[in-house]
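In each ligand, atom 1 is the first atom listed, and ligand 1 is the first ligand listed.
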Amino acid sequence: MENIAVIGAGTMGNGIAHVFAMNGFKVNLVDISADRLEKALKTIDKNLWRMVAKEKIKETDKEETIENITTHTNITEAIKDADLIIEAASENLDVKLKIFKSLDDHAPENCILASNTSSISITKIASATKRPAKVIGMHFMNPVPVMKLVEVIRGYATDDATTQTIMAVSEKLHKIPTEVNDYPGFVANRILMPMINEAITTLHEGVAGVKEIDTVMKLGMAHPMGPLQLADFIGLDICLSIMRVLQDGFGNPKYAPSPLLVNMVTANKLGRKSGEGFYLYSEESKDLKVAPTFS
Ligand code: NAI
């Protein structure tokens, strides 16, 4: 396994390209937007410099990593010699089904097709291809160069050889791959999102304030970040859409999203990316301030 293609050069795609390239793989990074590709290369460069500064890698390693990455806007050209393709495009079922149909039509016959989706069924994605045994979930965590876990998701038809290859490749990236089956939210989000949702309900019912809820979970459970701050970091729209996947997938009322979460997304208070969620975010101040609605 040598040639990797990464589809989508956003937050996750640039991180995935970074770790593969740093571990000696040749990476073709693809996006429909040339602007996104340019930004991705800048982000990778900045993150590699940070690793040089922390003496985690040498400057020559940084240069080799950058040389291993080629950017493309033409997907067919970028995947023609790929051994493994990791799709990290926008979290939208139609977008992913179209991409996988095209990957299946143009990638070499033995190429494995992986998705970094956080909530869409791998079995569903695989149904857009004629090679469902070779379709698998490779769920990296954000930020990819830092986080150790790869949640490896077996779709209904994923075969053992594909799973073993992906477990071995993840280890070559110095990650810890963990195998799970394809059910709504997989393992990571099935457990994380109801916890975040419960924190939002706890706030909504007035049991405690934003800082108090986060402090209990940080200091009491040794979580590096409280659930409300984490929700802001992930994006409240993403949290809501994953709760909807759990609610639709299991049909169990325990997965109903908090009405406060729904309201905040409707009001475009999406967390860090919109400047306000449970906390306020500004360029000028690094101090975490509770948003006016909750203070
Ligand atoms: P993003 O919005 O930052 O990037 C998505 C990129 O895909 C954009 O640059 C967009 O131009 C590109 N794109 C859209 N359609 C395309 C197509 N047809 N061909 C090529 N490129 C296309 O999204 P982000 O956050 O990087 O998420 C990507 C995937 O990773 C999603 O499936 C998401 O659920 C998953 N994920 C996200 C995490 C996060 O913390 N952001 C964590 C784990 C998984």
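- Among the atoms of Met141, none of the N or O lies under 3.5 angstrom from an N or O of ligand 1.
- For atom 23 (O) of ligand 1, no protein non-hydrogen atom is found at a distance below 4.0 Å.
- When atom types are taken as modelled, the side chain of Glu91 and the backbone of Ser119 share a donor-acceptor pair closer than 3.5 angstrom.
- At a threshold of 4.0 Å, the pair Lys42-Glu38 counts as salt-bridged, since one of the basic side-chain nitrogens sits closer than that to a carboxylate oxygen.
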Check against side-chain contact (heavy atoms from CB on, under 4.5 Å), Asn189 and Leu192:
CA-CA 5 Å; Asn189 282 319; Leu192 176 67; 4.0 Å; yes
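- Sorted by first then second residue, the side chain to side chain donor-acceptor pair (under 3.5 Å) pairs that include residues 200-225, not counting sequence neighbours, are Asp214-Tyr279.
- Residue-level proximity to ligand 1 for Ile7 is carried by the side chain, the only part with a heavy atom below 4.0 angstrom.
- One N or O on the side chain of Asp61 and one on the backbone of Lys58 form a donor-acceptor pair closer than 3.5 Å.
- Selection from Ile32, Leu29, Thr73 by nearest heavy atom to atom 19 (N) of ligand 1 gives Ile32.
- Within the set Ser33, Ser102, Ala188, Ala89, the minimum heavy-atom distance to atom 29 (C) of ligand 1 is found for Ala89.
- Under a 4.0 Å criterion applied to the non-hydrogen atoms of Thr11, ligand 1 contributes the atoms 3 (O), 25 (O), 26 (O).
- The shortest separation from a heavy atom of Ile234 to ligand 1 is not under 4.0 Å, leaving the residue out of contact.
- In this pair, Phe294 and Phe278 present their aromatic rings tilted. The plane angle is within the 30 to 60° band.
- Residue contacts with ligand 1: Glu87 is excluded, as none of its non-hydrogen atoms falls under 4.0 Å.
- Using a distance-only test at 3.5 Å, with no hydrogens or angles considered, a donor-acceptor pair links the side chain of Thr163 to the main chain of Asp159.
- The side chain of His139, and not its backbone, has at least one atom closer than 4.0 Å to an atom of ligand 1 (non-hydrogen atoms only; side chain from C-beta on).
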